[in-house]
Amino acid sequence: MPVDLSDLEDAFQCASYGEGPLDTLAVVRRSTGEIFVRTDGGVDDGFPADYRDDISDYVEIPGRHDLALGTGLVFRFVDRHVPELRKQVERYFCGPGAYAKFKDLLERHRVLEQWYDFEQVETLIALRDWCDEVGLEIGSKTS
């Protein structure tokens, strides 16, 4: 069964940002294409009880770092769109608050929206590649 790309992207975002005190687990049920998200410490109503028993029917949705969409993506963007900022961005990513400083820098240079567009396109490409790799078909809610 196909997996809805929009739902997959939403679950990916949850899996990517759940790396703090509340870990997030997002899975796809291969047989139905359904996506389930559980946050430790949160409500997990509807999360499949057989997830651990029938692991062949489930695949965990990766997070941002699993798909190389962390700092590597930042530097790909900088190298393609604002290479003159490379040294400054490198300094930012040697310390705390790097993403906030990076986005502030992009805002000052009027390319923040370009970053968001780039990040979205690269995320969708990575998710499509991941689906191919694990044997999931992509569809939509209307198909």
Side-chain angles (χ1 to χ4, degrees), residues 1-48 51-52 54-143:
M1 293 295 289
V3 175
D4 179 75
L5 185 58
S6 177
D7 290 347
L8 180 62
E9 186 179 11
D10 290 344
F12 165 79
Q13 296 298 337
C14 290
S16 294
Y17 295 108
E19 298 172 343
L22 298 178
D23 289 329
T24 300
L25 175 63
V27 299
V28 176
R29 181 181 282 153
R30 291 177 184 275
S31 60
T32 64
E34 291 175 281
I35 295 174
F36 302 93
V37 178
R38 181 186 71 205
T39 301
D40 290 347
V43 177
D44 60 354
D45 290 337
F47 199 84
Y51 164 69
R52 296 280 183 214
D54 190 9
I55 59 171
S56 66
D57 194 28
Y58 295 93
V59 60
E60 288 187 23
I61 297 170
R64 178 166 307 286
H65 296 289
D66 299 322
L67 296 182
L69 294 171
T71 56
L73 184 64
V74 166
F75 288 107
R76 286 196 307 274
F77 175 80
V78 168
D79 290 344
R80 289 181 193 167
H81 300 283
V82 283
E84 68 278 9
L85 301 178
R86 173 76 187 214
K87 294 283 187 204
Q88 192 169 1
V89 173
E90 285 175 353
R91 285 192 302 273
Y92 289 165
F93 279 86
C94 290
Y99 278 99
K101 292 175 186 176
F102 169 67
K103 289 178 182 177
D104 183 56
L105 178 67
L106 296 183
E107 180 71 29
R108 289 194 315 267
H109 286 268
R110 302 175 197 260
V111 293
L112 184 59
E113 288 303 315
Q114 192 175 357
W115 158 251
Y116 288 133
D117 292 344
F118 177 83
E119 183 181 36
Q120 175 150 20
V121 166
E122 292 296 312
T123 297
L124 292 175
I125 290 169
L127 285 172
R128 287 179 182 278
D129 290 347
W130 173 77
C131 284
D132 287 345
E133 184 180 307
V134 299
L136 291 173
E137 179 185 348
I138 296 174
S140 67
K141 290 179 182 177
T142 58
S143 62

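Worth knowing before you read on, the calculation uses all heavy atoms, side chains too, and leaves out hydrogens, waters and symmetry mates.
The number of heavy-atom neighbours closer than 6.0 Å to CZ of Arg108, taken from other residues, nucleotides and ligands shown, is above 12.
Glu34 CD to Asp57 CG: the interatomic distance, rounded to the nearest 0.5 Å, is 9.5 Å. Note that the OG atom of Ser6 and the CG atom of Leu124 stand 9.0 Å from one another [nearest 0.5 Å]. Atoms CD1 and CG, from Ile125 and Leu67 in turn, are 12.0 Å apart once rounded to the nearest 0.5 Å. Between Glu9 atom CD and Gln120 atom CD the span is 5.0 Å, to the nearest 0.5 Å. For the atom pair CG of Leu127 and CD of Glu133, the computed distance is 11.5 Å after rounding to the nearest 0.5 Å.
Glu137 pairs by the salt bridge (Lys or Arg N to Asp or Glu O under 4.0 Å) definition with nothing, not counting sequence neighbours. Scanning for side-chain contact (heavy atoms from CB on, under 4.5 Å) contacts around Leu112 gives Lys103, Leu106, Glu107, Trp115, Tyr116, with sequence neighbours left out.
Asp132 has no carboxylate O lying under 4.0 Å from a charged side-chain N of Arg128, or vice versa, which leaves the two without a salt bridge.
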N/O donor-acceptor pairs under 3.5 Å from side chains in residues 69-84, not counting sequence neighbours:
| unit_1 | atom_1 | unit_2 | atom_2 | d |
| --- | --- | --- | --- | --- |
| Asp79 | OD1 | Arg86 | NH1 | 2.9 |
| Asp79 | OD2 | Arg86 | NH1 | 2.8 |
| His81 | ND1 | Gln114 | NE2 | 2.8 |

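Between Leu105 and Val89, the shortest heavy-atom contact is CD2-CG2, 3.8 Å. Across all non-hydrogen atoms, the minimal contact from Asp7 to Asp4 is N-OD2, 2.8 Å. The two residues Pro48 and Arg29 have their closest heavy-atom pair at CB-NH2, 3.3 Å. The heavy-atom pair separating Pro62 from Phe12 by the smallest distance is O-CD1, 3.2 Å. Nearest approach of Tyr92 to Phe102, heavy atoms of both residues: CD1-N, 3.8 Å.
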Hey, mind stepping through Val28 and Ile35 against side-chain contact (heavy atoms from CB on, under 4.5 Å) and telling me if it holds?
CA-CA 5 Å; Val28 176; Ile35 295 174; 4.0 Å; yes
Exercise for the section: Before giving the answer on side-chain contact (heavy atoms from CB on, under 4.5 Å), spell out for Cys131 and Leu8 the whole-Å C-alpha distance, their side-chain angles and the decisive distance to 0.1 Å. Expected result: CA-CA 10 Å; Cys131 284; Leu8 180 62; 3.5 Å; yes
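Using a 4.5 Å heavy-atom cutoff, the side chains of Thr123 and Arg64 are in contact.
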